[in-house]
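Please read the structure below before turning to the comments.
Atoms considered below: every heavy atom in the structure, side chains included; atoms not considered: hydrogens, waters and symmetry mates.
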Amino acid sequence: MPIAYTVTARFEDNDVAEEFVYWLRYGHMQAVLAGGGDRAEVVHWSEPEEDEKTITVRYRFPDRAAFERYLEHHAPGLRDEGAKRFPPSRGVTFSRTVGEILLPVDE
């Protein structure tokens, strides 16, 4: 069964959020895909009444084994890099969720 791995980042500063999206587009997403993911997407959540900006990155892994290999071999270094670039002191908070995709849409 495919695995969905979602990272949600909340930003107090729009410039930092734009820097994050640039970092995703020009390196980080490709590194996760090279580590075993087979699809990625970035979503900016519109929250007009909120001052903070929310960006969600969702990766798909073909199965639990591929995701576990990613966690063991690739995730620690990639998470460290993200934490150094986007620490809480820059107004960034992260959360992560993992789930099984029950009804995939085949393209």
Set of side-chain hydrogen bond (donor to acceptor under 3.5 Å, both in side chains) partners for Thr6, sequence neighbours left out: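 With neighbours one apart ignored, the set is empty.
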Measure across [X] and [Y] and return the closest heavy-atom pair with its distance rounded to 0.1 Å.
X: Ala4; Y: Arg58; value: CB-NE, 3.8 Å
X: Phe86; Y: Val92; value: O-CB, 3.7 Å
X: Gly36; Y: Ala66; value: O-CB, 4.3 Å

Give the intermediate values and the outcome of side chain to side chain contact (heavy atoms under 4.5 Å, CB included) for residues Val57 and Glu41. CA-CA 6 Å; Val57 189; Glu41 62 186 7; over 6 Å; no
Residues which pass side-chain contact (heavy atoms from CB on, under 4.5 Å) with [X], listed by chain and number, not counting sequence neighbours:
X: Glu68; result: Arg64, Leu71
X: Ala40; result: Met29, Leu33, Tyr59
X: Ala65; result: Asp63, Arg69
X: Asn14; result: Lys53

Return a table of donor-acceptor pairs under 3.5 angstrom between the side chains of residues 93-101 and protein atoms on other chains or two or more places apart.
| from | atom 1 | to | atom 2 | distance (Å) |
| --- | --- | --- | --- | --- |
| Arg96 | NE | Tyr5 | OH | 3.1 |

Return each pair, listed once, that meets salt bridge (Lys or Arg N to Asp or Glu O under 4.0 Å) where at least one residue sits in residues 13-35; pairs must be two or more places apart or across chains.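 For residues 13-35, and leaving out neighbouring residues, the salt bridge (Lys or Arg N to Asp or Glu O under 4.0 Å) pairs sorted by first residue read Glu19-Arg90.
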Sequence neighbours left out, what pairs pass salt bridge (Lys or Arg N to Asp or Glu O under 4.0 Å) with at least one residue falling in residues 77-89? Glu81-Arg85
Each residue besides Tyr26 in its hydrophobic cluster should be listed here, by chain and number; the cluster joins Ile, Leu, Val, Met, Phe, Trp and Tyr at side-chain heavy-atom distances under 4.5 Å. Tyr22
Output the rest of the hydrophobic cluster of Leu102: all Ile, Leu, Val, Met, Phe, Trp and Tyr residues reachable through side-chain heavy-atom contacts under 4.5 Å, sorted by chain and number. Met1, Leu103
Check whether any side-chain heavy atom of Phe20 lies under 4.5 Å from a side-chain heavy atom of Ile55, and answer yes or no.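 Contact flag for Phe20/Ile55 side chains = yes.
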Is Thr56 close to Val42 at the side-chain level, that is, under 4.5 Å between some pair of heavy atoms? no
Should the pair Phe61 and Tyr70 be assigned to parallel (<30°), tilted (30 to 60°) or perpendicular (>60°) ring geometry?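 Ring orientation, 0 to 90° scale: tilted.
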